[in-house]
Amino acid sequence: SQHNPTLTWTQYTKTLEQQTRRNVDITMKLRHAIAADQLALYYQPQVDLASGRIVSTEALLRWHHPQAGFIPPDQFIPLAEQSQLIGPIGDWVIRQACRDLRAWHDAGIPVTPVSINLSLIQFQLGSVPNSVHKALSDYDIAPELLTLEITESVFEQHCQALQHDLEALGTMGVRLSLDDFGTGYSSLGHLKDYFFDEIKIDKSFISQLDDNPYPQAIVKAVIVIAEAIGADVVAEGLELTSQIAIVRQLGCSKGQGYHYSRPIPEPRWRQLLMEQTSL
Ligand code: C2E
Ligand code: CA
Ligand code: CA
Ligand code: CA
């Protein structure tokens with residue numbers, strides 16, 4: 001790895017070169033991903049922790065390249081952002097989520113709200129409120145069925161459009177969710193400047209709940225703050241029953257994680273929704 005201290009300078013440079021070449025290669029492939037129909041949304045259930053019932057879902061982007069195989073979002077999203085391909089890719093995500101909502105509705109499946117992830121670069125490119133408005137109206141989707149997750153780190157960079165766009169989106173009636181809460185530099189500051197319907201507790205806190213009193217205190221504080229400002233709380237990264245018991249005891253009512261389900265392809269998600277309905 002790049003951080004291996006036994007690497008010589010020449011080896012290090014070579015590793016960097018390989019990395020750069022790989023990134024250029026991935027970016028070139030990504031340019032064709034939409035037209036070549038290589039992108040898909042997977043869905044991960046969000047459940048009511050008391051009943052275990054699915055109440056909503058997060059859409060997570062997947063890219064399968066016929067030769068390179070499955071490329072994880074942590075690898076290609078940053079490259080999409082650097083190359084501004086996140087513009088068209090982000091628009092594709094917005095529209096696909098609305099297309100899927102429409103298809104479920106038309107198939108007679110009781111629809112639950114869908115959360116999608118947005119990148120700061122999409123706001124900088126200036127397209128978000130228009131794209132959302134157009135997708136909602138093209139597929140005739142009620143705005144409250146769509147939740148936009150933005151990661152807390154967006155506030156670390158200045159973006160002129162952000163404040164205005166978030167207000168416009170709020171007025172439109174879509175829900176706004178603050179993702180990865182607690183990982184940024186000034187978590188509380190953002191809550192006073194913006195309105196959020198939902199706060200997501202980052203999985204790094206959840207994974208430490210078992211063996212450490214501090215994460216518990218932080219999670220508790222987040223839940224109290226969320227209650228005070230009228231926002232819902234979602235715990236992410238729930239893998240163990242012990243973690244679920246702790247967040248429930250701390251007052252969190254909604255969560256997602258591998259304990260319930262990994263993100264699954266749309267046909268399986270649709271199946272899950274139908275099975276739950278028939279219970
Ligand atoms: P995120 O928004 O924080 O999404 C949660 C990530 O945690 C997802 O990884 C999900 O599969 C994973 N996860 C869910 N439950 C568990 C669990 O119990 N344990 C663990 N260890 N992980 C869990 P994924 O799908 O690989 O996505 C990674 C990141 O890529 C996302 O983090 C998000 O920042 C970004 N991303 C994904 N889809 C999109 C998209 O459509 N647009 C944008 N801009 N970013 C996206
Ligand atoms: Ca998210
Ligand atoms: Ca998150
Ligand atoms: Ca994250």
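One-based numbering, in listed order, for ligands and for the atoms of each. Hydrogens, waters and symmetry mates are skipped; everything else that's a heavy atom, side chains included, is used. Just so it is clear, the structure is predicted and the values come from calculations on it, not from any experiment.
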Any N or O of [X] that comes nearer than 3.5 Å to an N or O of ligand 1?
X	answer
Leu61	yes
Tyr258	yes
Arg62	yes
Gln122	no
Glu239	yes

Decide if atom CD of Gln249 counts as having more than 12 heavy atoms of other residues, nucleotides or ligands within a radius under 6.0 Å.
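Atom CD in Gln249 is not crowded, with 12 or fewer foreign heavy atoms closer than 6.0 Å.
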Around Lys134, counting heavy atoms of other residues, nucleotides and ligands shown, do more than 12 lie under 6.0 Å from its NZ?
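No.
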When you measure from the side chain of Thr57 to the backbone of Gln44, do you find a donor-acceptor pair of N or O atoms at a distance under 3.5 Å?
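Side chain of Thr57 to backbone of Gln44: a pair is present.
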Would you please test Gln256 and Glu236 for side chain to side chain donor-acceptor pair (under 3.5 Å) and show each step?
CA-CA 5 Å; Gln256 64 185 103; Glu236 68 175 11; 5.3 Å; no
Is it the side chain (CB and beyond), the backbone, both or neither of [X] that lies under 4.0 Å from ligand 1, heavy atoms counted?
X	answer
Ile77	side chain
Gln256	neither
Leu238	backbone

Can you tell me if Asp202 has an N, O or S atom under 3.0 Å away from the Ca ion (ligand 3)?
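False for Asp202.
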Specify the closest pair of heavy atoms between [X] and [Y], including all atoms of both residues, with the distance to one decimal.
X	Y	answer
Leu118	Phe123	CD1-CZ, 3.8 Å
Gln122	Asp91	NE2-N, 4.3 Å
Ala33	Trp63	CB-NE1, 3.6 Å

I'd like to check which ligand 1 atoms, numbered from 1 as shown, lie under 4.0 Å from a non-hydrogen atom of [X].
X	answer
Pro263	11 (O)
Val93	41 (O)
Ser119	44 (N)
Glu58	2 (O), 4 (O)
Asp180	3 (O)
Asn117	2 (O), 39 (C), 40 (C), 42 (N), 43 (C), 44 (N), 45 (N), 46 (C)
Gln44	14 (C), 15 (N)

Would [X] count as a contact for the Ca ion (ligand 2), in the sense that one of its N, O or S atoms lies under 3.0 Å from it?
X	result
Asp180	no
Glu58	yes
Ser177	no

Give the atom name of whichever N/O/S atom in Asp179 sits closest to the Ca ion (ligand 2).
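That would be atom OD2.
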Just give me the atom name: the N, O or S atom of Glu149 closest to the Ca ion (ligand 2).
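The nearest such atom is OE1.
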Checking salt bridge (charged side-chain N to carboxylate O under 4.0 Å, His left out) against Asp232, which of Lys200, Arg175, Lys254 comes through?
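Looking at Lys200, Arg175, Lys254, the match for Asp232 under the salt bridge (charged side-chain N to carboxylate O under 4.0 Å, His left out) is Arg175.
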Would you mind reporting whether Phe76 and Leu61 have side-chain heavy atoms less than 4.5 Å apart?
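Yes - at least one pair of side-chain heavy atoms lies under 4.5 Å apart.
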Is any side-chain N of the basic residue among Asp138 and Arg95 closer than 4.0 Å to the acidic one's carboxylate O?
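Yes, Asp138 and Arg95 are salt-bridged.
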Check ion pair Asp106-Arg102 (N to O, under 4.0 angstrom):
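Here Asp106 pairs with Arg102 in a salt bridge, since their nearest N and O are under 4.0 Å apart.
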